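Below is one structure; the comments refer to it alone.
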Amino acid sequence: MAGGDRASKPPPTPAGEDEEGAVADKALHALGFEFTGISAREVAGRLPVTGTCCQPFGVLNGGVSALVAESLASVGAYMASGGRRVAGVQLSVNHLRPARLGDLVQAQASPVQPGRSIQVWEVQIWRADPSTGERMDLVSTARVTMLVASSPLRPEEMTSHEATIKKYAKL
């Protein structure tokens with residue numbers, strides 16, 4: 001498989017990790033995703049395209065793009081709802097151009113409709129110049145519909161997750 005040797009290297013430690021090792025999103029962290037901004041109005045981050053997140057042809061797997069989209073929308077919806085439980089109920093992704101093994105991609109999510117019970121988020125993933133971080137080509141775009149729980153009650157295990165997100169959020 002192309003880039004298989006890169007898959008054995010551990011991902012870089014994202015900035016969205018605190019000293020206890022908690023991360024804003026475990027699945028994205030496992031792929032090497034780094035959050036660069038978290039707020040109720042925008043969630044952003046970057047991902048180096050490694051062998052771990054590529055399909056056998058050496059391009060970013062569409063499922064990884066979908067994971068990035070739903071995860072960023074979930075974090076944003078959580079922030080926009082004031083810390084309520086959220087769940088993705090619909091995801092639509094359009095893959096426009098490939099991101100290849102070795103590329104760096106940036107993702108940005110912003111609310112289209114930040115409602116109290118239903119939120120809609122738009123997510124864009126761009127191929128970026130690794131030396132400048134400048135966006136180059138739009139790789140994919142997604143629309144994510146999130147359901148917001150009517151009750152503010154959260155399971156106890158959400159307490160540490162909430163603290164991690166808020167630590168890196170721009171409030």
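What you see is a predicted model, and the numbers here were worked out from it, not measured in a lab. Hydrogens, waters and symmetry mates are skipped; everything else that's a heavy atom, side chains included, is used.
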Steps toward side-chain contact (heavy atoms from CB on, under 4.5 Å) verdict (Arg143, Val120): CA-CA 7 Å; Arg143 186 159 289 217; Val120 178; 3.6 Å; yes
Review point. Do Met79 and Ser39 pass the side-chain contact (heavy atoms from CB on, under 4.5 Å) test, and can you show the C-alpha distance, the side-chain angles, and the key distance before you say yes or no?
Key: CA-CA 6 Å; Met79 294 297 296; Ser39 75; 5.9 Å; no
- Task: For side-chain contact (heavy atoms from CB on, under 4.5 Å), just list the numbers for Thr141 and Glu122, CA-CA rounded to whole Å, side-chain angles, deciding distance to a tenth of an Å, and then say yes or no.
- Result: CA-CA 7 Å; Thr141 183; Glu122 185 73 28; 2.8 Å; yes
Check your understanding: Given the rule in the side-chain contact (heavy atoms from CB on, under 4.5 Å) test, do Phe33 and Leu67 qualify, once you have shown the distances and angles that lead to the verdict?
Key -> CA-CA 11 Å; Phe33 187 88; Leu67 173 65; over 6 Å; no
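Within the 4.5 Å cutoff, no side-chain heavy atoms of Ile118 are placed close to those of Gln113. Side-chain contact between Leu60 and Cys53 is present, with at least one heavy-atom pair separated by less than 4.5 Å. When side chains are defined from C-beta on, Phe35 counts as touching Leu28, because their heavy atoms get closer than 4.5 Å. With a 4.5 Å cut-off on side-chain heavy atoms, Val68 and Val105 do not count as touching.
Within 6.0 Å of CZ on Arg127 lie more than 12 heavy atoms contributed by other residues, nucleotides or ligands. For Arg135, the CZ atom is densely surrounded, since the number of other residues' heavy atoms within 6.0 Å is greater than 12.
The CD atom of Gln108 sits 13.5 Å away from atom CZ of Arg46, with the distance rounded to the nearest 0.5 Å. Separating the OG atom in Ser140 from the CZ atom in Arg97 is a distance of 11.5 Å, to the nearest 0.5 Å. Residue Ser74 holds its OG atom at 9.0 Å from CG of Leu72, rounded to the nearest 0.5 Å. With values rounded to the nearest 0.5 angstrom, Thr50 atom OG1 is found 7.0 Å from Leu31 atom CG. Rounding to the nearest 0.5 Å places CZ of Arg84 at 7.5 Å from OG of Ser150. Rounding to the nearest 0.5 angstrom, the gap separating the CE atom in Met146 from the CZ atom in Arg85 is 12.0 Å.
Closest heavy-atom contact between Ala69 and Val123: O-CG2, 3.6 Å. Nearest heavy-atom pair, Ala107 versus Ile125, reported as atom, atom and distance to 0.1 Å: CB-CG1, 4.0 Å. When all heavy atoms are compared, the tightest approach of Leu101 to Gly51 is CD1-N, 3.3 Å. Residue Gly32 comes nearest to Leu47 through the heavy atom pair C-CD1, 3.8 Å, listed as atom of the first residue, atom of the second, then distance. The shortest heavy-atom contact between His95 and Ser65 is CE1-CB, 3.9 Å. Between Ala80 and Trp121, the shortest heavy-atom contact is CB-CZ2, 4.2 Å.
A distance-only check finds a donor-acceptor pair linking the side chain of Asp129 to the backbone of Ser131 [under 3.5 Å].
A continuous path of hydrophobic side-chain contacts links Val93 to Val144 [ILVMFWY only; heavy atoms under 4.5 Å]. Residues Val59 and Val64 do not share a hydrophobic cluster, defined by chaining ILVMFWY side chains whose heavy atoms lie under 4.5 Å apart. Residue Val43 is not grouped with residue Trp126 when hydrophobic side chains (ILVMFWY) are merged at heavy-atom distances under 4.5 angstrom, including chains of intermediate members.
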